[in-house]
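One structure below.
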Amino acid sequence: RHIHWSLSVQPGDLVRITRGSIGIPKDTIGLIVKARVHRNDLIDNEVYTLFHVQLVTKTKLNGAVRRYLAQDLRKLK
């Protein structure tokens with residue numbers, strides 16, 4: 001089943017992570033391997049998408065998968 005994501009990024013995209021976190025510097029490159037829609041029951045059932053990004057880095061985190069919001073990712077051209 002193919003789902004078209006109406007967001008700026010989607011599974012299969014190569015992306016740059018725009019927000020650094022512990023062990024993962026800003027501008028790290030990754031591949032979106034999965035996207036999951038979640039509902040926030042605490043805030044009016046607000047819906048958001050978490051993108052599972054496989055990191056491409058020269059550190060021991062190479063290949064690790066971390067989750068990000070679309071606002072923290074930029075698609076590489």
Side-chain angles (χ1 to χ4, degrees):
R1 187 176 95 187
H2 179 72
I3 297 174
H4 175 72
W5 301 95
S6 61
L7 297 164
S8 55
V9 293
Q10 62 185 7
D13 286 349
L14 198 59
V15 294
R16 181 179 305 280
I17 299 165
T18 61
R19 179 179 55 86
S21 57
I22 294 172
I24 304 166
K26 180 181 174 201
D27 295 330
T28 295
I29 303 300
L31 176 69
I32 298 177
V33 293
K34 183 166 57 172
R36 288 285 178 264
V37 176
H38 297 269
R39 191 178 73 226
N40 186 344
D41 296 324
L42 301 176
I43 307 177
D44 294 333
N45 290 325
E46 173 187 64
V47 173
Y48 62 97
T49 302
L50 278 179
F51 292 91
H52 297 231
V53 178
Q54 186 171 20
L55 305 177
V56 179
T57 172
K58 293 180 180 175
T59 72
K60 63 182 180 182
L61 287 174
N62 186 51
V65 175
R66 295 291 183 268
R67 295 174 305 213
Y68 293 92
L69 295 168
Q71 67 204 34
D72 298 323
L73 303 171
R74 291 292 172 273
K75 183 176 179 177
L76 293 178
K77 307 236 183 286

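- When all heavy atoms are compared, the tightest approach of Q71 to R74 is O-NH1, 3.4 Å.
- Taking each heavy atom of K34 and P11 in turn, the nearest pair found is C-CG, 4.2 Å.
- Between L55 and I24, the shortest heavy-atom contact is CD1-CD1, 3.7 Å.
- Within 6.0 Å of atom CG in D41, more than 12 heavy atoms from other residues, nucleotides or ligands are found, so the atom counts as buried in its surroundings.
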Problem set entry | Check against side-chain contact (heavy atoms from CB on, under 4.5 Å), R39 and Y48 | CA-CA 6 Å; R39 191 178 73 226; Y48 62 97; over 6 Å; no

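- Note on V33 and L69: separate hydrophobic clusters, where clusters join Ile, Leu, Val, Met, Phe, Trp and Tyr whose side-chain heavy atoms are under 4.5 Å apart, directly or indirectly.
- Distance check: I29 CD1 to N62 CG gives 12.0 Å after rounding to the nearest 0.5 Å.
- Screening V15, V9, D72 for a side-chain contact (heavy atoms from CB on, under 4.5 Å) involving F51 leaves a single residue, V9.
- Side chains of L50 and H38 form a contact here, defined as non-hydrogen atoms less than 4.5 Å apart.
- Each salt bridge (charged side-chain N to carboxylate O under 4.0 Å, His left out) pair with one or both residues in residues 8-17, not counting sequence neighbours, appears once here: D13-K75.
- A heavy-atom distance below 4.5 Å is found between the side chains of V53 and L73.
- Expressed to the nearest 0.5 Å, how far NE2 of H52 lies from CZ of R36 amounts to 6.5 Å.
- K77 NZ to L14 CG: the interatomic distance, rounded to the nearest 0.5 Å, is 12.5 Å.
- Remark: I32 CD1 to Q54 CD distance equals 12.0 Å, nearest 0.5 Å.
- Between T28 and V56, the closest heavy-atom pair is CG2-O, 4.4 Å.
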